[in-house]
Participant: 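Take this structure, written in structure tokens, and hold onto it; I'll ask about it next.
None of the values given here were measured: they were computed from a predicted structure. To find a chain, count down the sequence lines: A is the first, B the second, and so on, and within it residues start at 1.
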Number of protein chains: 2
Amino acid sequence: MPEANQFFRRLKQHGYKITPQRQAILQCLLDNPGHHSAEEIHQIIKTHYPHISLDTVYRNLHTMVALGLVIALNFADGRNRYELATEEHHHHLICLSCGQSEQIDFCPLSYMADTISRERNFTICKHSFEIYGYCHNCRQNQK
Amino acid sequence: MPEANQFFRRLKQHGYKITPQRQAILQCLLDNPGHHSAEEIHQIIKTHYPHISLDTVYRNLHTMVALGLVIALNFADGRNRYELATEEHHHHLICLSCGQSEQIDFCPLSYMADTISRERNFTICKHSFEIYGYCHNCRQNQK
DNA sequence: GTAGGTGCAAACAATTTGCACAGTA
DNA sequence: TACTGTGCAAATTGTTTGCACCTAC
């Protein structure tokens, strides 16, 4: 696992042990680009590592977010999604019918961040920009 | 309640009855501009209408969102916020420490909506754009 | 060997639902 | 009167936590 090593190194640097569970979670995120819920990640890992518990997935995603290895997204369905922090920064078009999402490369914050920090005296940590609606396929099927 | 009548009319048009609970919820949103969680709305109403149940608040907010009278916002803390659909469209700066929010009048979608609908073949229903960080006060206090 | 990590089960918080009764139209 | 709406309690969903055992280092 070539790419994975940089993540293991960063875990170690912060005093975290490299357990098989942590390896599996990172490998899963590397192998499956895009955002996934904790439940999805758990299901994917279980196919080749049946004994991992959902709690462990949550716990480790949480620490990986805290270390900046992983980014957490909150979508409108009340379920968090996670993706590797290395992925290009982007936002999403999310279909309310099939749940599929496409990327939007444009980020409004890139134009606003400086102005907001300065004029509003606000330290920006993270942001969300997601667009919900119906994709081409689902619109067709509903007619 | 002058302003409230237009909402009652729209409920009636769709075959919904005007119950005191529904009146109280709408009045609460009219009297308290901005977004509030279901729990907050329930607490506010209980001060002068002690017998309303939280379930009823949820149920009615849900139908009001479906009718377009109310808008639901999902913030990062996993609790939905609701505001009247008549309020000026805006987004938020949300402090991760004190939870207070300020409005941002700028909406990135106003510049992108047409392009996305056309180029991505996507029917836009709603969107989120919220910026999280630390407000001036909280940054001061943490030092 | 030892501290941190895991799995299990139980706890939690936000929200939804089934059901019998109550209240609007 | 008829049927929608309500309150209560219980169920559900996503996530967190306490605890005893396990394992990476």
Side-chain angles (χ1 to χ4, degrees), chain A residues 1 4-5 7-28 35-46 49-67 69-82 99, chain B residues 4-5 7-28 35-46 49-67 69-70 72-82 99:
Chain A
M1 34 188 95
N5 284 325
F7 293 102
F8 298 162
R9 205 178 316 127
R10 288 167 70 188
L11 278 173
K12 261 187 198 154
Q13 278 172 9
H14 290 269
Y16 291 98
K17 295 177 183 169
I18 309 304
T19 64
Q21 289 88 337
R22 284 179 179 152
Q23 294 183 44
I25 292 169
L26 285 169
Q27 198 59 49
C28 170
H35 48 266
H36 306 280
S37 67
E39 181 65 46
E40 282 165 6
I41 294 169
H42 183 229
Q43 288 304 323
I44 294 171
I45 295 175
K46 279 218 300 193
Y49 188 157
H51 285 315
I52 192 170
S53 78
L54 181 55
D55 324 66
T56 297
V57 174
Y58 272 114
R59 243 183 304 232
N60 284 314
L61 286 172
H62 195 266
T63 70
M64 289 172 191
V65 169
L67 293 187
L69 307 185
V70 167
I71 289 179
L73 307 163
N74 3 68
F75 284 3
D77 66 354
R79 205 183 314 173
N80 280 351
R81 313 297 159 113
Y82 301 87
Chain B
N5 283 324
F7 294 103
F8 298 162
R9 204 177 319 126
R10 287 167 70 187
L11 279 172
K12 261 187 197 155
Q13 278 172 10
H14 290 270
Y16 291 98
K17 296 177 182 169
I18 309 304
T19 64
Q21 291 86 337
R22 284 178 181 153
Q23 294 181 42
I25 292 169
L26 285 169
Q27 198 59 50
C28 170
H35 48 265
H36 306 280
S37 67
E39 182 65 46
E40 281 164 6
I41 294 168
H42 183 228
Q43 288 304 323
I44 294 171
I45 295 176
K46 279 218 298 193
Y49 188 157
H51 284 317
I52 192 169
S53 79
L54 180 55
D55 324 66
T56 297
V57 174
Y58 272 114
R59 243 182 303 231
N60 284 314
L61 285 172
H62 195 265
T63 69
M64 289 172 192
V65 169
L67 294 187
L69 307 185
V70 167
L73 307 163
N74 2 69
F75 285 3
D77 66 353
R79 204 183 314 173
N80 280 350
R81 313 297 160 113
Y82 302 88

Participant: Does OP1 or OP2 of dT6(C) have a side-chain N or O of Thr19(A) closer than 4.0 Å?
Facilitator: yes
Participant: Considering heavy-atom distances to DNA chain C, does Gly78(B) or Gly15(A) have its closest nucleotide positioned more toward the 5' end?
Facilitator: Gly15(A)
Participant: Determine whether Leu26(B) and Leu11(B) satisfy the following criterion, side-chain contact (heavy atoms from CB on, under 4.5 Å), listing intermediate values before the conclusion.
Facilitator: CA-CA 11 Å; Leu26(B) 285 169; Leu11(B) 279 172; 4.0 Å; yes
Participant: Taking OP1 and OP2 of dG7(C), is either one under 4.0 Å from a side-chain nitrogen or oxygen of Thr56(A)?
Facilitator: yes
Participant: At their closest point, which heavy atom of Arg22(A) faces which heavy atom of Lys17(A), and how far apart are they?
Facilitator: NH1-O, 2.8 Å
Participant: Please determine whether any donor N or O and acceptor N or O are separated by less than 3.5 Å between the side chain of Asp55(B) and the base of dA9(D).
Facilitator: yes
Participant: Side chain of Ile18(A), heavy atoms from C-beta onward: which of dG7(C), dC25(D), dT15(D) has the nearest atom to it?
Facilitator: dC25(D)
Participant: Rounded to the Å, how far apart are Lys12(A) NZ and dA3(C) P?
Facilitator: 20 Å
Participant: Let me know the distance between CD of Gln23(B) and P of dG5(D), rounded to the nearest Å.
Facilitator: 14 Å
Participant: Using the side-chain contact (heavy atoms from CB on, under 4.5 Å) rule, take Met64(B) and Tyr82(B) through it: C-alpha gap first, then chi angles, then the decisive distance, then the call.
Facilitator: CA-CA 10 Å; Met64(B) 289 172 192; Tyr82(B) 302 88; over 6 Å; no
Participant: Given atom NZ of Lys17(B) and atom C1' of dT6(D), what is their separation to the nearest angstrom?
Facilitator: 11 Å
Participant: Can you tell me how far P of dA24(D) sits from CG of Leu11(A), to the nearest Å?
Facilitator: 15 Å
Participant: Looking only at heavy atoms, what is the nearest atom pair of His42(A) and Leu54(A), with distance?
Facilitator: NE2-N, 3.4 Å
Participant: Send over the distance from Arg79(A) CZ to dT15(C) C1', rounded to a whole Å.
Facilitator: 14 Å
Participant: In whole angstrom, what separates Tyr58(B)'s OH from dT15(C)'s C1'?
Facilitator: 5 Å
Participant: Reckon Gln21(B) touches a base, only the sugar-phosphate, or nothing at all at heavy-atom distances under 4.0 Å?
Facilitator: sugar-phosphate
Participant: Give Arg59(B) one of three labels, base, sugar-phosphate or nothing, depending on what nucleic acid heavy atoms sit under 4.0 Å from its own.
Facilitator: base
Participant: Can you measure Leu54(A) atom CG to dT15(D) atom P for me and round it to whole angstrom units?
Facilitator: 9 Å
Participant: Whole angstrom is fine here: how far is it from CG in Asn60(A) over to C1' in dT15(D)?
Facilitator: 14 Å
Participant: Between Phe8(A) and Asn5(A), does a side-chain contact (heavy atoms from CB on, under 4.5 Å) hold up when you go through it step by step?
Facilitator: CA-CA 5 Å; Phe8(A) 298 162; Asn5(A) 284 325; 3.8 Å; yes
